[in-house]
Asker: 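Below you'll find the structure I mean.
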Amino acid sequence: PAALAALDATFHMRSKQGTRVLGWKQFFVSEFTTALAPDELVTAVQVPDQDPSTGTAFVEYARRHGDFALGGAAVTIKLGRDGRCENATIALLSAGPAPVRAEAAEKQLRGARIDVSSIHAASVEAVKGLHPTNDLHGSTEYRVGLLQTMTERALTKAAERARSMAG
């Protein structure tokens, strides 16, 4: 879900009553729950084409391989010819009941030079105001720190990939 949120996916569904299309924000309702009605079938998932100069990354952390992730981030970064960020998306997983887009952090990156400082600042901004579930696997504070680290790693990896596409 987080990767599809970062890519602005839309979902095409069909039932006996007809067809409908929902954006990712409407489709993902909560953990293990979508807006899909009992008589509907997903017929297509549409992801907009990505510019060739866009770098992407998905990182997550789980205690053991195969476990559900305690936190993660899916990121896209499009660099302009001048090396500045033209567009960025940051979607967090395990930050809430459905994927969370860090829109303030995305906005902060647009027009910026993507370097260690701007990546760190965006990762701090991405987790502001988050209150992920506190459970036996980690406190809310632990998960916020984990999400910040995963965001920083994903932004770094996506920026490296974007630069290699441009060069």
Side-chain angles (χ1 to χ4, degrees), residues 1-62 64-80 85-111 114 122-123 125-135 137-138 140 143-144 146-148 150-151 153-155 157-159 161-162 165-166:
L4 294 170
L7 295 169
D8 287 320
T10 55
F11 296 80
H12 299 253
M13 295 155 290
R14 179 173 296 189
S15 71
K16 288 181 180 180
Q17 287 72 40
T19 61
R20 66 184 180 132
V21 178
L22 294 176
W24 70 268
K25 201 178 279 190
Q26 294 77 35
F27 186 76
F28 297 116
V29 175
S30 65
E31 295 174 43
F32 308 113
T33 306
T34 66
L36 193 64
D39 67 336
E40 282 183 309
L41 187 65
V42 173
T43 57
V45 177
Q46 187 174 10
V47 175
D49 289 338
Q50 299 295 305
D51 187 279
S53 63
T54 301
T56 61
F58 178 84
V59 297
E60 64 180 355
Y61 175 77
R64 290 180 305 270
H65 179 71
D67 282 358
F68 285 107
L70 297 178
V75 168
T76 68
I77 295 178
K78 181 185 183 307
L79 296 178
C85 177
E86 286 188 5
N87 192 42
T89 63
I90 303 168
L92 305 175
L93 63 107
S94 297
V100 173
R101 278 284 288 272
E103 294 174 2
E106 294 172 359
K107 185 177 179 180
Q108 183 177 317
L109 287 170
R110 289 187 195 109
I114 304 300
S123 68
E125 182 64 37
V127 299
K128 277 188 181 170
L130 291 181
H131 301 285
T133 304
N134 181 14
D135 64 18
H137 300 292
T140 297
R143 288 177 183 266
V144 168
L146 177 65
L147 287 165
Q148 181 180 334
M150 295 296 101
T151 302
R153 289 179 185 175
L155 285 168
K157 190 178 287 190
R161 290 175 174 167
M165 299 292 208

Asker: Quick one: does Thr43's side chain get under 4.5 Å of Arg14's, heavy atoms only?
Answerer: yes
Asker: Looking only at heavy atoms, what is the nearest atom pair of Ala105 and Ile90, with distance?
Answerer: CB-CD1, 3.8 Å
Asker: What I'd like to find out is whether the side chain of Leu109 reaches to under 4.5 Å of the side chain of Leu155, using heavy atoms alone.
Answerer: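 Sidechains of Leu155 and Leu109: in contact.
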Asker: For residues 1-21, which residue pairs pass the ring-ring contact (aromatic ring centres under 6.0 Å, His included) check, not counting sequence neighbours?
Answerer: Phe11-Phe27, Phe11-Phe28
Asker: With a 4.5 Å cut-off on side-chain heavy atoms, are Leu7 and Thr89 touching?
Answerer: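 Sidechains of Leu7 and Thr89: no contact.
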Asker: Taking salt bridge (Lys or Arg N to Asp or Glu O under 4.0 Å) as the cut-off, I'd like each qualifying pair that reaches into residues 19-47, sequence neighbours left out, listed once.
Answerer: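 Those involving residues 19-47 are Arg20-Glu40, Lys25-Glu103.
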Asker: Could you state the interatomic distance from CG (Asn87) to CD1 (Ile77), rounded to the nearest 0.5 Å?
Answerer: 10.0 Å
Asker: Pair up each side-chain donor or acceptor in residues 92-102 with any protein partner under 3.5 Å, not counting sequence neighbours, and list the distances.
Answerer:
{"unit_1": "Ser94", "atom_1": "OG", "unit_2": "Ala69", "atom_2": "O", "d": "3.0"}
{"unit_1": "Arg101", "atom_1": "NE", "unit_2": "Glu106", "atom_2": "OE2", "d": "2.6"}
{"unit_1": "Arg101", "atom_1": "NH1", "unit_2": "Ala5", "atom_2": "O", "d": "2.8"}
{"unit_1": "Arg101", "atom_1": "NH1", "unit_2": "Asp8", "atom_2": "OD1", "d": "2.8"}
{"unit_1": "Arg101", "atom_1": "NH2", "unit_2": "Glu106", "atom_2": "OE1", "d": "3.2"}
{"unit_1": "Arg101", "atom_1": "NH2", "unit_2": "Glu106", "atom_2": "OE2", "d": "3.4"}

Asker: What are the two closest non-hydrogen atoms of Leu70 and Arg143, and how far apart are they?
Answerer: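 So the minimum-distance heavy-atom pair works out to O-NH1, 3.1 Å.
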Asker: Listed by chain and number, what are the side-chain hydrogen bond (donor to acceptor under 3.5 Å, both in side chains) partners of Lys78, not counting sequence neighbours?
Answerer: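 With sequence neighbours excluded, Lys78 shows a side-chain hydrogen bond (donor to acceptor under 3.5 Å, both in side chains) to Glu86, given in chain and number order.
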Asker: Start with the C-alpha gap between Thr140 and Thr133, add the side-chain angles, then the distance that decides, and say whether side-chain contact (heavy atoms from CB on, under 4.5 Å) holds.
Answerer: CA-CA 6 Å; Thr140 297; Thr133 304; over 6 Å; no
Asker: Is there side-chain contact between Leu36 and Met13, with at least one heavy-atom pair below 4.5 Å?
Answerer: yes
Asker: Does any non-hydrogen side-chain atom of Leu147 lie less than 4.5 Å from one of Met150?
Answerer: no
Asker: Quick one: closest heavy-atom pair of Ala35 and Val29, and the distance?
Answerer: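 Minimum heavy-atom separation between Ala35 and Val29: N-CG2, 3.6 Å.
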Asker: Using a distance-only test with no angle check, is there a side-chain donor-acceptor pair under 3.5 angstrom linking Asp51 and Ser53?
Answerer: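 Yes.
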Asker: What pair of heavy atoms forms the shortest contact from Ala126 to Thr151, and how long is it?
Answerer: CB-CG2, 4.0 Å
Asker: Under the rule for side-chain hydrogen bond (donor to acceptor under 3.5 Å, both in side chains), what residues qualify as partners of Gln26, not counting sequence neighbours?
Answerer: none
Asker: Report the residues that fulfil side-chain hydrogen bond (donor to acceptor under 3.5 Å, both in side chains) with Thr56, sequence neighbours left out, ordered by chain and then residue number.
Answerer: none
Asker: Drop me the distance from Thr76's OG1 to Phe58's CZ, to the nearest 0.5 angstrom.
Answerer: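 One finds 14.0 Å between OG1 of Thr76 and CZ of Phe58.
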Asker: Show the nearest heavy-atom pair for residues Ala74 and Ala2, with the distance to one decimal.
Answerer: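 Distance-wise, the nearest heavy atoms are CB-O, 3.6 Å.
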